[in-house]
Amino acid sequence: MTDARADAFEFRIDRRSGVATYLQIVQQAKQALRLGVLEPGDRLPTAREVVEVTAINPNTVLKAYRELEREGLVEARRGLGTFVRRTLGAAGAGEGPLRAELADWARRARAAGLERDDIGALFSAVLDSTFEGDAHE
């Protein structure tokens with residue numbers, strides 16, 4: 001990843017979601033790994049950078065990074081930062097025809113008057129029913 005792309009990655013905290021802040025960071029990092037936004041060797045934003053953007057406690061960021069490290073996804077390098085060790089999901093899973101179809105669907109849903117949360121709930125419901133009873137859940 002180029003420095004410009006690495007610098008463009010930011011965590012976004014939704015204080016209304018009911019999801020613990022550190023878990024939001026973990027989930028967003030995992031999503032970025034699945035979509036290829038973050039790749040092995042990329043540096044995560046420093047705790048200070050995350051705090052500046054999100055106004056959360058630095059210990060919350062560090063807790064999230066420790067969880068990602070425990071899962072083997074990142075590694076802390078003293079004095080250098082926290083770096084991605086491995087990706088998640090299939091390479092290129094976020095690109096191609098499926099992504100284009102999903103983006104088109106999301107645009108149609110928005111044009112039909114659905115809000116972001118409505119679209120997310122609808123997609124989650126369909127996803128849940130698709131994987132119902134799947135051992136990989």
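Since the model is a prediction, treat every value here as computed from it, not as a measurement.
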| Ser17 side chain near Gln24 side chain, heavy-atom distance below 4.5 Å | yes
| Just by distance, with hydrogens left out, do Glu75 and Thr82 show a side-chain donor and acceptor under 3.5 Å apart? | no
Heavy-atom neighbours of [X] [atom1] exceed 12 at 6.0 Å:
X	atom1	value
Asp117	CG	no
Gln27	CD	yes
Arg108	CZ	yes
Arg116	CZ	no

Is [Y] reachable from [X] through a run of hydrophobic residues whose side-chain heavy atoms are each under 4.5 Å from the next?
X	Y	value
Val53	Leu44	no
Phe9	Val84	yes
Phe83	Leu62	no

| said: Less than 4.0 angstrom from a charged side-chain N to a carboxylate O is my criterion; do Arg110 and Glu115 meet it? | reply: no
| Is any side-chain N of the basic residue among Glu67 and Arg70 closer than 4.0 Å to the acidic one's carboxylate O? | yes
Straight-line distance of [X] [atom1] to [Y] [atom2], nearest 0.5 Å:
X	Y	atom1	atom2	value
Leu122	Leu127	CG	CG	11.0 Å
Arg86	Glu71	CZ	CD	8.0 Å
Leu38	Arg43	CG	CZ	11.0 Å
Asp14	Thr54	CG	OG1	12.5 Å
Thr21	Phe11	OG1	CZ	12.5 Å
Gln28	Leu23	CD	CG	11.0 Å

Return the minimal non-hydrogen interatomic distance between [X] and [Y], and the atom names on each side.
X	Y	result
Arg85	Gly72	CB-O, 3.8 Å
Ala106	Ile119	O-CD1, 4.0 Å
Val61	Ala47	CG1-CA, 3.8 Å
Ala64	Ile25	CB-CG2, 3.5 Å

| Is Thr60 reaching over with its side chain to a backbone N or O of Ile56, donor-acceptor style, under 3.5 angstrom? | no
| task | Mind running side chain to side chain donor-acceptor pair (under 3.5 Å) on Glu39 and Thr87 for me, showing each step along the way? | result | CA-CA 6 Å; Glu39 298 173 344; Thr87 61; over 6 Å; no
| said: Consider side chain to side chain contact (heavy atoms under 4.5 Å, CB included). Of Thr46, Leu73, Val50, which one does Tyr65 pass it with? | reply: Val50
| message | Can you list everything that forms a ring-ring contact (aromatic ring centres under 6.0 Å, His included) with Tyr22? Sequence neighbours excluded, please. | response | none
